[in-house]
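Values reported hereafter were calculated over all heavy atoms of this structure, with side chains retained and with hydrogens, waters and symmetry mates removed.
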There are 2 protein chains.
Amino acid sequence: MTETARRAIPTREELRIWRNYIETTETLRAVLEGRLQSESSLSSADYRVLLALSEADRSTLRSSELAELIGWQRSRLSHHLRRMEKRGLVHRAPCPDDVHGIDVRMTALGAESFRRGSVPHLRDVHELFVEALTAEQLARVDEFTTALRRHLHLEP
Amino acid sequence: MTETARRAIPTREELRIWRNYIETTETLRAVLEGRLQSESSLSSADYRVLLALSEADRSTLRSSELAELIGWQRSRLSHHLRRMEKRGLVHRAPCPDDVHGIDVRMTALGAESFRRGSVPHLRDVHELFVEALTAEQLARVDEFTTALRRHLHLEP
DNA sequence: GGATAAGGATTGACGTGTCAATCCTGTAAC
DNA sequence: GTTACAGGATTGACACGTCAATCCTTATCC
């Protein structure tokens, strides 16, 4: 790639597509978040934590594993777990295996909230995303997402 | 559409595509935001405000027009303008035409920051988005974005 | 002319995320 | 044994966004 190309800027049309893309995705995300909130009183951050815990052995994960799994920074997770613990959704306790570690466990209330939110949320994803697109278009989304991930050096 | 279809949930594959899509977009957004920040000390919210003002007559807009233009709620704009004004990027003054209105004007510092950030930001969009895709793929992005917008009842 | 509404914007409280600094506890070095 | 340090997690300060409540100024109504 030439130096000139590396420093190019988008055409008007490319910029239009970019802005439409990023704004539409953001709107979609916000709508889904709002529905999840009203259906289960969970934010998407809560949901992500509970989803990971629900798939874990004994609904428990070490804090560092959890952070790794969902791709959060430690400090973000720590703040969020404090808030979730205050609401009774999770419980934290020192990990018996690892002296430094903390075990995060989903409480009964957390499990119940997740159960209550999960199916409606999946229905919302189906309604607002899957049903908006043809099978063909969905395959194109997958292709272009993969291309972006490669370009950003994220694992596929 | 049948009641059954309305209440369907995504298949495993559809869910994989959805999660990849939403996470990749979020990562891309975060990378661009980080670059903009380091290149010009502007957040993407700052950038959006300054972009709108830069295109306005005399770099000035009424607060309510600005909110309408960029699709923000009044209160969000008010909070953000307060922070931007504290940093010297914009200036607020009562609007002579409209008794209730407030004129928001980009300051020289705001204009300079925007000028400094704008081209590098467009280059970043080109590098991280446009260059990741073929022309064909870009056209498909436009198509499916439009489909999503229609489905969400947003104007195209 | 005093109550009332209505438009335009601000405020406060709160949940959230980031960054840098800190804390805590065991382990290695000397 | 004290000092250093390393892993794991927490904290504090701050920027951001949302929601509901409020403020302020003019217009209207009686």
Side-chain angles (χ1 to χ4, degrees), chain A residues 23 26-27 29-38 40-49 60-105 113, chain B residues 23 26-27 29-38 40-50 60-105:
Chain A
E23 278 174 21
E26 167 54 21
T27 301
R29 200 204 51 66
V31 171
L32 279 167
E33 170 115 33
R35 290 204 182 184
L36 179 61
Q37 182 76 47
S38 67
S40 66
S41 300
L42 295 175
S43 68
S44 64
D46 301 332
Y47 188 83
R48 209 154 173 202
V49 167
T60 302
L61 283 171
R62 244 176 291 185
S63 183
S64 51
E65 287 174 343
L66 178 53
E68 171 73 20
L69 252 177
I70 64 184
W72 286 7
Q73 299 191 325
R74 292 174 174 294
S75 117
R76 174 179 179 185
L77 183 60
S78 184
H79 281 305
H80 204 78
L81 288 178
R82 176 174 42 73
R83 295 185 289 248
M84 290 181 75
E85 191 166 35
K86 190 159 56 175
R87 290 191 287 146
L89 298 171
V90 299
H91 178 73
R92 285 184 289 184
C95 172
D97 304 351
D98 182 341
V99 190
H100 302 304
I102 293 284
D103 269 350
V104 183
R105 184 172 50 75
S113 298
Chain B
E23 279 176 20
E26 167 55 21
T27 301
R29 201 204 49 68
V31 170
L32 279 168
E33 170 116 33
R35 289 204 184 185
L36 179 60
Q37 182 76 46
S38 66
S40 65
S41 299
L42 296 175
S43 70
S44 62
D46 302 331
Y47 187 83
R48 210 154 172 202
V49 168
L50 294 178
T60 301
L61 282 172
R62 242 176 294 185
S63 184
S64 51
E65 288 174 343
L66 179 52
E68 172 73 19
L69 253 177
I70 64 183
W72 285 8
Q73 300 190 325
R74 291 175 175 294
S75 115
R76 174 179 178 184
L77 183 60
S78 183
H79 280 306
H80 203 78
L81 288 179
R82 176 174 41 74
R83 294 185 290 250
M84 289 182 76
E85 192 166 33
K86 190 159 58 175
R87 291 191 287 146
L89 298 171
V90 298
H91 178 73
R92 285 184 289 185
C95 172
D97 305 349
D98 183 341
V99 190
H100 302 304
I102 292 283
D103 269 350
V104 183
R105 184 173 50 75

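Separating the CD atom of A:Glu68 from the P atom of D:dG7 is a distance of 15 Å, rounded to the nearest angstrom.
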Quick tally for nucleotides 9-17 of chain D: nucleotides whose base has a protein heavy atom under 4.0 Å get B, sugar-phosphate-only ones S, the rest -, giving SBBBB--BS
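An OP1 or OP2 oxygen of C:dG17 is reached within less than 4.0 angstrom by no side-chain nitrogen or oxygen of A:Gln73.
Scanning all heavy atoms of the two residues, the minimum distance from A:Ser78 to A:Arg92 falls at O-NH1, 3.9 Å.
Looking at residues two or more places apart in sequence or on another chain, you find a side chain to side chain donor-acceptor pair (under 3.5 Å) between A:Arg35 and A:Asp124, A:Glu127.
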Would A:His91 and A:Asp103 count as a side-chain hydrogen bond (donor to acceptor under 3.5 Å, both in side chains) here? Give the steps. CA-CA 8 Å; A:His91 178 73; A:Asp103 269 350; over 6 Å; no
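Here A:Leu81 contributes atom CG and A:Arg74 contributes atom CZ; the two are 12.0 Å apart, rounded to the nearest 0.5 Å.
Using a 4.0 Å cut-off between charged side-chain N and carboxylate O, B:Glu26 and B:Arg29 make a salt bridge.
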